[in-house]
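Reckoned from all heavy atoms, side chains included, excluding hydrogens, waters and symmetry mates. Counting convention: from 1, in listed order, for ligands and their atoms alike. In what follows, residues are counted from 1 in the order of the sequence shown.
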Amino acid sequence: MKNIQNSPITKITFNGYNILIKRDDLLHEDFNGNKARKFHYFFDNEFPNITKVISYGSNQSNAMYSLSVLCKLKGWEYTYYTNHLPSFLKDSPTGNYKEALKNGMNLIIGDYDNSTFNINNSTLLINEGGAIQEASYGISILADEITQYIKENNLKDTKIFLPSGTGTTALFLQKYLDCEVLTCPCVGDEIYLEKQFLDLEVDKSLHPTILKTSKKFHFGKLYNENYKIWKELKEQINIEFDLLYDPIGWQTLLFYKDKYDLNNIIYIHQGGVKGNITMIERYKRKYD
Ligand SMILES: *Cc1c(COP(=O)(O)O)cnc(C)c1O
């Protein structure tokens with residue numbers, strides 16, 4: 001697969017702030033955002049013994065879909081475990097679920113734990129959301145692209161912002177960048193995120209800075225303010241963001257406008273727009 005590196009950085013003005021956006025949503029048509037970065041390692045290397053990938057998580061996950069692209073390309077069997085599949089999705093598949101099925105994913109619905117997975121040396125087990133050490137390979141390339149941009153444009157005191165799920169992307173970015181990485185938790189709270197960081201890196205001095213969200217958000221739940229800021233972004237800057245993480249990210253960033261110079265931020269667009277379809281339908285039904 002070609003062109004999974006070097007996405008553009010564009011200047012936008014949102015609510016009066018001049019912010020740079022790293023457009024990782026434009027990395028590649030089928031394989032974009034931070035999941036492409038996390039799984040880049042598997043594209044660039046040969047795994048002669050591997051025939052099968054196992055992963056698990058939610059039924060509309062971006063990681064679930066991106067792994068289906070990887071497995072199709074590699075000719076690997078792909079089994080994905082999820083606790084629950086709503087009947088509307090089963091009856092008429094959409095979004096990441098639909099695309100992953102098309103790529104040959106075997107979905108297993110029900111309870112699971114580590115003992116459920118039948119792992120041997122021809123199986124690759126990928127943690128939920130791609131929270132794996134191998135993610136550092138592609139994220140270091142992302143960091144190099146940012147560093148290059150900062151140098152070429154002579155930027156000073158730039159900070160990076162991105163919303164976190166598992167925190168894998170933020171953590172490895174901070175590891176490979178000289179500038180400060182700011183992030184906020186979207187799944188669980190800052191204590192959960194700190195724990196996720198510790199699982200990947202024991203040295204706390206290498207962790208990104210966690211910005212507490214202005215209020216508690218339950219992941220995947222509908223919030224009118226999330227829908228509003230998502231629509232405002234689309235209207236003002238004509239960029240579609242993901243609906244699960246980015247609305248929380250943008251609100252948190254704006255909440256800290258007095259603490260950080262928002263005109264000196266590079267915001268990482270981490271893709272995930274394919275997964276928006278079901279969220280948009282739910283939002284329209286509730287608020288439009
Ligand atoms: C997966 C994902 C995240 C969270 O990434 P982590 O590395 O798990 O923190 C954020 N935004 C989008 C759009 C994603 O798909």
Side-chain angles (χ1 to χ4, degrees), residues 7 21-28 30-41 55-70 95-97 99-100 126-143 160-177 181-190 192-201 207-211 213 217 219-220 226 229-230 233 239-253 267-280:
S7 61
I21 314 271
K22 174 69 170 163
R23 297 295 305 272
D24 260 11
D25 54 320
L26 303 178
L27 267 184
H28 187 277
D30 297 321
F31 199 60
N32 70 61
N34 68 354
K35 304 309 179 295
R37 301 291 190 178
K38 286 178 177 183
F39 301 138
H40 196 161
Y41 174 83
S55 191
Y56 52 92
S58 91
N59 56 53
Q60 273 297 13
S61 134
N62 295 325
M64 171 191 77
Y65 164 71
S66 296
L67 280 174
S68 77
V69 176
L70 174 72
N96 286 328
Y97 172 64
E99 300 303 321
I126 305 284
N127 293 341
E128 178 165 14
I132 48 176
Q133 284 294 341
E134 289 88 341
S136 70
Y137 174 87
I139 296 168
S140 78
I141 295 172
L142 168 60
I160 310 300
F161 182 88
L162 70 167
S164 277
T166 66
T168 309
T169 312
L171 181 97
F172 286 127
L173 266 183
Q174 184 65 88
K175 187 164 181 174
Y176 296 111
L177 282 172
V181 173
L182 311 171
T183 189
C184 66
C186 301
V187 180
D189 58 7
E190 53 283 1
Y192 162 83
L193 185 56
E194 182 66 36
K195 207 178 146 285
Q196 294 286 113
F197 288 158
L198 279 172
D199 283 349
L200 290 164
E201 173 59 63
H207 289 184
T209 303
I210 300 178
L211 306 185
T213 53
F217 292 98
F219 189 67
N226 289 5
I229 199 164
W230 179 83
L233 283 158
I239 297 178
E240 180 172 355
F241 283 89
D242 138 279
L243 261 165
L244 288 168
Y245 301 91
D246 288 312
I248 299 171
W250 280 104
Q251 286 174 89
T252 305
L253 187 60
Y267 188 105
I268 316 287
H269 191 320
Q270 300 179 89
V273 172
K274 247 194 185 79
N276 276 350
I277 300 171
T278 41
M279 286 297 283
I280 292 172

For ligand 1, would you mind listing the residues that have at least one heavy atom less than 4.0 Å away, ordered by chain and number? Asn34, Lys35, Lys38, Asn62, Pro163, Ser164, Gly165, Thr166, Gly167, Thr168, Thr169, Asp242, Tyr245, Gln270, Gly271
Does some side-chain heavy atom of Thr168 sit less than 4.5 Å from a side-chain heavy atom of Leu171? no
Pair up each side-chain donor or acceptor in residues 126-135 with any protein partner under 3.5 Å, not counting sequence neighbours, and list the distances.
| unit_1 | atom_1 | unit_2 | atom_2 | d |
| --- | --- | --- | --- | --- |
| Asn127 | ND2 | Ala131 | O | 3.0 |
| Gln133 | NE2 | Leu200 | O | 3.2 |

Which class fits the ring pair Phe241 and Trp250: parallel under 30°, tilted 30 to 60°, perpendicular over 60°? perpendicular
Residue of the set Asp24, Asn34, Asp25 for which side-chain hydrogen bond (donor to acceptor under 3.5 Å, both in side chains) holds with Gln270: Asn34
Parallel, tilted or perpendicular: ring planes of Tyr137 versus His40, cut at 30 and 60 degrees: perpendicular
Please check if any side-chain donor atom of Asn62 sits under 3.5 Å from a side-chain acceptor atom of Asn96, or the reverse. yes
